[in-house]
Amino acid sequence: GSIIDASFTEAPRQRNEREQNQRIKQGERPEEFDANPAVGRQKDSEARWTKKNNETHYGWKNHVKADLKTKLILTSKTTPASVHDSQVFEDPLDEQDQAVLADSAEHEAHLIKHNAQEFLMRKATRGHPLSEAEQQTNHTISRMRVRVEHIFARMAQMGADLCRSIGLKRATQHNHLSNLVYNMDRYACLVR
């Protein structure tokens, strides 16, 4: 099976004025950044802010598809941190995925279309708690899904969760190289 998940890659935080931030959100690069080349080189207008579990993150997301058995990263994609995981869920999937583990059940129809078994976490909503069977299923799935968290923890130990470069292309290169280094480290463990 394959596990799909994402982790934040932090970038150096920007100290911009409100007007500059508004222009950046609209997809424009403020003229002041390029007026002084030394300042412009240090300003990132592609990284984004997001909030998760009352923690603020600035930078990028490393979306990965990993093999359940070996914990090797098979594919990855880098996006700004504000992009939700569900918007990138379908990108790493292919015809060879027989079973997919993920943290949200909103893409069940896409997995059925690809003829893949789904092992998706179910969430309770207000007024509709999870049944005992759904809670047991979530527990079983989470025991397998935790393996992707091991990947991100090892990458954090290696320092791969901090990207000091500017721009999406360089952040993508950083994440691909970090994933490659992780795979080499993991392969050495598997061979031993």
Side-chain angles (χ1 to χ4, degrees), residues 2-67 70-94 97 100 102-104 107 147-189:
S2 301
I3 313 170
I4 296 177
D5 205 0
S7 177
F8 292 108
T9 303
E10 298 288 333
R13 296 189 174 204
Q14 305 289 303
R15 307 288 182 231
N16 301 328
E17 298 171 2
R18 283 182 195 244
E19 297 81 32
Q20 292 173 337
N21 282 334
Q22 288 173 351
R23 282 186 265 160
I24 288 171
K25 284 182 184 176
Q26 294 170 358
E28 304 170 13
R29 183 171 170 86
E31 312 83 46
E32 308 90 72
F33 290 179
D34 297 324
N36 183 351
V39 172
R41 280 193 296 267
Q42 297 177 26
K43 293 292 186 175
D44 197 343
S45 57
E46 294 178 300
R48 293 288 183 262
W49 290 93
T50 192
K51 208 170 189 180
K52 183 175 181 180
N53 298 333
N54 292 325
E55 285 185 28
T56 305
H57 300 277
Y58 179 76
W60 313 99
K61 264 191 186 175
N62 185 11
H63 302 268
V64 300
K65 177 174 85 169
D67 182 54
T70 61
K71 291 199 281 191
L72 290 172
I73 296 174
L74 304 173
T75 60
S76 69
K77 182 174 182 175
T78 301
T79 61
S82 61
V83 174
H84 193 267
D85 296 357
S86 64
Q87 294 174 318
V88 187
F89 180 82
E90 298 173 6
D91 293 348
L93 295 176
D94 55 28
D97 291 323
V100 177
D103 57 359
S104 178
H107 294 287
R147 296 176 67 83
V148 77
E149 303 303 334
H150 297 165
I151 293 171
F152 294 134
R154 179 65 183 134
M155 291 176 76
Q157 287 175 341
M158 297 187 307
D161 60 344
L162 178 64
C163 178
R164 296 189 180 276
S165 59
I166 304 294
L168 179 61
K169 284 186 178 180
R170 289 182 179 165
T172 301
Q173 289 176 341
H174 168 83
N175 282 339
H176 284 318
L177 287 173
S178 299
N179 294 342
L180 179 65
V181 170
Y182 165 79
N183 276 349
M184 290 190 294
D185 181 58
R186 180 66 187 151
Y187 181 74
C189 290

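Just so it is clear, the values below take in all heavy atoms, side chains as well, and ignore hydrogens, waters and symmetry mates. Heads up: numbering here begins at 1 and tracks the sequence.
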Find the distance between [atom1] ([X]) and [atom2] ([Y]) and round it off to the nearest 0.5 Å.
X	Y	atom1	atom2	answer
Arg15	Asn21	CZ	CG	11.0 Å
Leu72	Asn183	CG	CG	5.0 Å
His63	Ile4	NE2	CD1	11.0 Å
Phe89	His84	CZ	NE2	12.0 Å
Ile73	Ile151	CD1	CD1	5.5 Å
His174	Cys163	NE2	SG	4.5 Å

[X] and [Y]: which non-hydrogen atoms are nearest, and at how many Å?
X	Y	result
Pro80	Arg48	CB-CG, 3.7 Å
Glu46	Gly167	OE1-CA, 3.0 Å
Pro92	Lys65	O-NZ, 3.0 Å
Val88	Thr79	CG2-CG2, 4.0 Å
Trp60	Ala47	CH2-N, 3.4 Å

- Message: Listing request: all salt bridge (Lys or Arg N to Asp or Glu O under 4.0 Å) pairs with a residue in residues 151-176, at least two apart in sequence or in separate chains.
- Response: Arg154-Asp185

Distance-only check: which donor-acceptor pairs under 3.5 Å involve side-chain atoms of residues 50-58, not counting sequence neighbours?
unit_1, atom_1, unit_2, atom_2, d
His57, ND1, Glu10, OE2, 2.6
Tyr58, OH, Asp44, O, 3.4

- Query: What residues form a ring pair (Phe, Tyr, Trp, His ring centres under 6.0 Å) with Phe33, not counting sequence neighbours?
  - Reply: none

- With no hydrogens and no angle check, is any side-chain donor or acceptor of Lys61 less than 3.5 Å from a backbone partner on Ala6? no

- Message: Donor-acceptor pair, distance only, cut-off 3.5 Å: does the side chain of Arg186 make one with the backbone of Thr70?
- Response: yes

Check whether any side-chain heavy atom of [X] sits under 4.5 Å from a side-chain heavy atom of [Y], and report yes or no.
X	Y	answer
Thr75	Asn179	no
Ser178	Asn62	no
Tyr182	Lys71	yes

- Begin with the C-alpha distance, continue with both residues' side-chain angles, and end with the deciding distance and a verdict on side chain to side chain contact (heavy atoms under 4.5 Å, CB included) for Ser2 and Leu74. CA-CA 9 Å; Ser2 301; Leu74 304 173; 4.3 Å; yes

- Message: Using the rule side chain to side chain donor-acceptor pair (under 3.5 Å), only one of Glu31, Glu28, Glu17 pairs with Arg23; which is it?
- Response: Glu31

